[in-house]
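Notes for the one structure printed next.
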Amino acid sequence: MPLDTGLAMKVWHRYAWCRDNGHAQFVEKADICDRFFSGDQWEALDKALLKLQRRPAITSNKILSTLANVFGEQIFARSEIGFRPRSGAPEATARVLAKVFKQISDNNQLDWKRSDMFADGCIRSRGFLDVRLSFNDSMQGEVCIENLNSKNVIVDPDAEHYDPDTWNDVFVTKWMTADDIAVLYNPEDAEALRNREQSFFPYGYDSIQSRRDRFGERFNPMYNGTYDESSVMRNIRVIERQYRLLDKQKHFLSPETGDMRAIPKDFDRNKIAWFVEKFGFRVVPKLVHRIRWVTVADNFILHDDWSPYKHFTPVPYFPYFRYGNTIGLVENLLGPQEILNKVLSQELHVVNTTANSGWKVKTGSLTNMTTQELEQRGAETGLVLEFNGSPDDIEKIQPNQIPTGLDRISYKAEESIKSISGVSDSMQGFDREDVSAKAIQQKRQAGGTNLAKPLDSLVRSDFILARNVLDLVQEFYTEERLLTITHDKMTGESETIAINQPNPEPQTEDEGTPYQEILNDLTLGEYDVVISSVPQRETLEDSQFEQAMALREAGIMIPDDVLIGSSRLLDKKEIIEKMNAQANSPEAQKQRELALRGQEAEVIKTEAEAQNKTADTGLRQAKTQSERVSAAKEAATPPEDNGAAAKQMQAEADIQLEDRKFEHTKQLDYAELNHKMQIERAEAQQNAQLKAEQAATERQIRVQQAANPQPQPSKQGA
């Protein structure tokens, strides 16, 4: 684009204002936190003075181990993104959108980039992702998610809310090569910037002599150098500004629902008229906030147009946020870490002075060494001093006693780091051996509560990310595409879905008018973002396998393929396939049939035993009843009856008892006969099967012998 010094100056002055009103203080804090996290915890001047005094400068980096535990908690608590339809949107499309987001996540390796953003937020108090379309791999455009260096993102100083939709503007500054500018923007501006000797603007401390976060730390020269390395040296500062402006834009209005949608700028009058006629929309102008996107390098305007997106591209993460004030986890640990380093250094210094406290030597009293040699060798074991004169001419200086409570200060510093960070010994796995496993688990759960707010803020950032990605998909994923989603990385299970695909079968409306149906149309409907927190896959698999084994031990017959599927074996898919192949083999089927027959015979035997017990019970009941009848006869028979009624009742009871005996004997005989027949039938089938297999084996042996006859011994040898 042509030079536009006025617009470039406007962008530069706004950038300088935002940089000097809040961002510079953040960069200073971020540099200190980065140094402490990496172990560079001493000021250069203090370290030089201690070196001159021959005193140690010890660094015991507790911040790194503490933050490593926090990062582990985040890694083991991943988020799953889903979408819920609203306003009558189809449920099936919501499920497809969740799969599309998973494909975008896998394509951009979002889990790792999300962890890097979380680390930036915990260390520096600010982390950022950038969400936009990329046309590197596809001319249709794909959602691209990248990490941003939080020192290069300048937030609106007047902003006071977490969500970027409430910010007025945001800057993203970066260092680029001339070749990068030629590819992304245009070659003419790149060549002009490549050959420029000095900057047009009065660059400040962060422009020419800025220490940048790279593999190599150096001061950055702007445009000049001994050799022409402009193709590889990133020495051109590019400032990208996204800000909101009021603009009157035409919208489609639905008279039925009242919903409004902005009309894309590439819609001409004929296309707008077609939508009005087809769907009954109305076209209304509306004053809205739109995002303007300007990119400058020096006084060259590389890009100046309306943003194609509904949101700013940066997605922020702030562990603790309080009306524009961002707080990380490292900055509150700086003081205790400094105390710990100084106390440990002082303890080592006291120990060193105890071993070599110094000597008092009268001039000329040493004969076998000089005073310089005594200074170097004065702490050696078995040192021999040869001197003239009185023994009082040489005296060892008595060292100072170790101050009482010096070790308690270092202990308090370590405890302060634990209490401030919320990472206890239980969370780090450093509990005493006498503590029960249940108590350790409860302590870990209680310790996880201290990290609830940083993790909740991460879920908030996940919501903003999913919302922005959803708008990009519904806005730009309008053509037919084939997407491959990997369900299980371990087994390679994947699924290919088609979106925005026309239905080959003709469709007609109620009035008989034909129309073209679009399958999995992502552009239709409104959806809410649903975020659920799940453990990392490795931990989830361990938990699932343990639960499956517990159910198996409890007697619930979990299938073998389900048990192997929940394990962490590398070749689970192949193992399951081999198990299924073995289970469907003829030998396995025969074994299952024999086992089933044995079970049936066992059931028959059990039923017969049950019937036997039932008959015995009935027989005992009949005997008891007979005895009761006899007793009743004797008690109720009058003397003048001569026992006739009693004999009749006794006869009836005997007949009933005989009937029960006969019924019981019949049931026993039937059960025994049936059981014997079942066993004989099973044995006959098994014997027949064994004979058939033996005959087949003998037949195969005869065939092989006929095909390979054995040589006959010669008569001469005999």
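- Between Arg35 and Glu43 a salt bridge is recorded (basic side-chain N to carboxylate O distance below 4.0 Å).
- We find that Asp298 and Arg237 are not joined by a salt bridge, their nearest charged nitrogen and carboxylate oxygen being 4.0 Å or further apart.
- No side-chain heavy atom of Val283 sits less than 4.5 Å from a side-chain heavy atom of His251.
- In this structure, Gln337 and Ser60 approach most closely via the heavy-atom pair NE2-O, 2.5 Å.
- Pro314 is linked by a side chain to side chain contact (heavy atoms under 4.5 Å, CB included) to Phe128, Asp130, Leu148, Val170, Val172, Gln242, Phe312, counting only residues two or more places apart in sequence or in another chain.
- Residues Ala89 and Gly525 approach most closely at CB-CA, 3.9 Å, considering heavy atoms.
- Counting non-hydrogen atoms of neighbouring residues, nucleotides and ligands closer than 6.0 angstrom, the CH2 atom of Trp306 exceeds 12 such neighbours.
- Side chains of Asn500 and Glu480: no donor on one and acceptor on the other come within 3.5 Å.
- Here the side chain of Arg244 pairs a donor or acceptor atom with the backbone of Trp167 at under 3.5 angstrom.
- Residues Val459 and Ile531 share a closest heavy-atom pair of O-CD1, 3.5 Å.
- Asp40 CG to Asp31 CG: the interatomic distance, rounded to the nearest 0.5 Å, is 11.0 Å.
- A donor-acceptor pair shorter than 3.5 Å cannot be found between the side chains of Asn152 and Thr173.
- Side chains of Asp165 and Arg467 form a contact here, defined as non-hydrogen atoms less than 4.5 Å apart.
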Q: I would like to know whether Ser307 and Arg292 meet side-chain contact (heavy atoms from CB on, under 4.5 Å); could you show each step before the answer?
A: CA-CA 5 Å; Ser307 173; Arg292 191 75 182 181; over 6 Å; no
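- A donor and an acceptor atom, one from each side chain of Gln103 and Asn107, are nowhere located under 3.5 Å apart.
- A 4.5 Å side-chain heavy-atom check between Val131 and Thr313 finds every atom pair outside the cut-off.
- Of the possible donor and acceptor atoms, none in the side chain of Thr59 sits under 3.5 Å from a partner among the backbone N and O of Asn61.
- Nearest heavy atom pair, residue Gly82 against residue Ala98, reads CA-CB, 4.3 Å.
- Rounded to the nearest 0.5 Å, atoms OG (Ser457) and CZ (Phe321) are 10.0 Å apart.
- Between Tyr15 and Trp12, the two ring planes are tilted [angle within 30° to 60°].
- For Thr177 and Asp180, the side-chain atoms include at least one donor-acceptor pair closer than 3.5 Å.
- Ile291 has its side chain out of reach of Tyr243: every pair of non-hydrogen atoms, C-beta onward, lies at least 4.5 Å apart.
- Glu28 CD: 12 or fewer foreign heavy atoms inside a 6.0 Å radius.
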Q. Can you list the steps and then say if Leu302 with Val296 is a side-chain contact (heavy atoms from CB on, under 4.5 Å)?
A. CA-CA 5 Å; Leu302 303 180; Val296 301; over 6 Å; no
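- Surrounding NZ of Lys62 are at most 12 heavy atoms belonging to other residues, nucleotides or ligands under 6.0 Å away.
- Of the possible donor and acceptor atoms, one in the side chain of Asn186 sits under 3.5 Å from a partner among the backbone N and O of Asp189.
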Q | salt bridge (charged side-chain N to carboxylate O under 4.0 Å, His left out) evaluation trace for Arg194 with Asp179 | A | CA-CA 9 Å; Arg194 187 197 307 270; Asp179 291 353; 2.8 Å; yes
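- A donor-acceptor contact closer than 3.5 angstrom links the side chains of Asn136 and Ser134.
- More than 12 heavy atoms of other residues, nucleotides or ligands lie within 6.0 Å of CH2 in Trp274, so this atom counts as buried by the packing criterion.
- Using a cutoff of 4.0 Å between basic side-chain nitrogens and carboxylate oxygens, Asp156 and Arg14 are scored as salt-bridged.
- In this structure, CE on Met117 lies 10.0 Å from SG on Cys122, to the nearest 0.5 angstrom.
- With Tyr162 as the aromatic partner, Arg460 meets the cation-pi criteria of under 6.0 angstrom to the ring centre and within 45 degrees of the ring axis.
- For an aromatic pair to be called close, the ring centres must be under 6.0 Å apart, and Phe275 with Phe267 satisfies this.
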Q.
What verdict does the side-chain contact (heavy atoms from CB on, under 4.5 Å) test give for Ile239 and Phe171, after you've listed the backbone C-alpha separation in whole Å, the side-chain angles of each residue and the deciding distance to 0.1 Å?
A. CA-CA 7 Å; Ile239 301 175; Phe171 289 87; 3.7 Å; yes
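- To the nearest 0.5 Å, the span separating OG on Ser150 from NE2 on His23 amounts to 8.0 Å.
- Every residue was checked against the side chain to side chain donor-acceptor pair (under 3.5 Å) condition with Ser421, not counting sequence neighbours, and none meets it.
- Shown here for Gln74 and Leu458, the closest heavy-atom pair between the two residues is CG-CD2, 3.6 Å.
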Q | Phe101 vs Phe83, side-chain contact (heavy atoms from CB on, under 4.5 Å): CA-CA, chis, key distance, verdict | A | CA-CA 10 Å; Phe101 186 89; Phe83 300 96; 4.0 Å; yes
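- Remark: Arg241 is not positioned above the aromatic ring of Trp293, lacking an NZ or CZ atom under 6.0 angstrom from the ring centre and at most 45 degrees off the axis.
- In this structure the side chain of Ile104 reaches within 4.5 angstrom of the side chain of Tyr477, judged on heavy atoms.
- Salt bridge Asp120/Arg126: absent, no basic N to carboxylate O contact under 4.0 Å.
- Taking CD of Gln140 as the start and CZ of Arg481 as the end, the distance is 4.5 Å to the nearest 0.5 Å.
- In this structure a side-chain-to-backbone donor-acceptor pair under 3.5 Å is missing from Glu191 to Glu188.
- Judged by distance alone, the side chains of Arg124 and Asn149 do bring a donor and an acceptor atom under 3.5 Å apart.
- Rounding to the nearest 0.5 Å gives a distance of 9.0 Å between CG of Leu129 and CG of Asp116.
- For Arg95, the side chain to side chain donor-acceptor pair (under 3.5 Å) test picks out no residue, with sequence neighbours left out.
- Taking the side chain as every heavy atom from C-beta outward, Leu133 and Val143 approach each other to under 4.5 Å.
- At a cut-off of 3.5 Å, with distance as the only test, no side-chain donor of Gln41 or Glu338 sits close to an acceptor on the other residue.
- Side-chain atoms of Asn468 and Asp471 include no donor-acceptor pair closer than 3.5 Å.
- Between the Lys113 side chain and the Asn108 main chain, a donor and an acceptor come within less than 3.5 Å of each other.
- What you find for Arg19 and Ile154 is that their closest heavy atoms are N-CG2, 4.1 Å.
- Arg282 forms no cation-pi arrangement with Phe252, by the criterion of a distance under 6.0 Å to the ring centre and an angle within 45° of the ring axis.
- Side-chain contact, Ser461 with Arg114: no donor N or O sits under 3.5 Å from an acceptor N or O.
- Side-chain contact between Thr93 and Tyr527 is present, with at least one heavy-atom pair separated by less than 4.5 Å.
- Between Ser115 and Phe71, every side-chain heavy-atom pair lies at or beyond the 4.5 Å cut-off.
- More than 12 non-hydrogen atoms from other residues, nucleotides or ligands lie less than 6.0 angstrom from CZ of Phe135.
- A salt bridge between Lys342 and Asp46 is absent, with no side-chain N of the basic residue lying under 4.0 Å from a carboxylate O of the acidic one.
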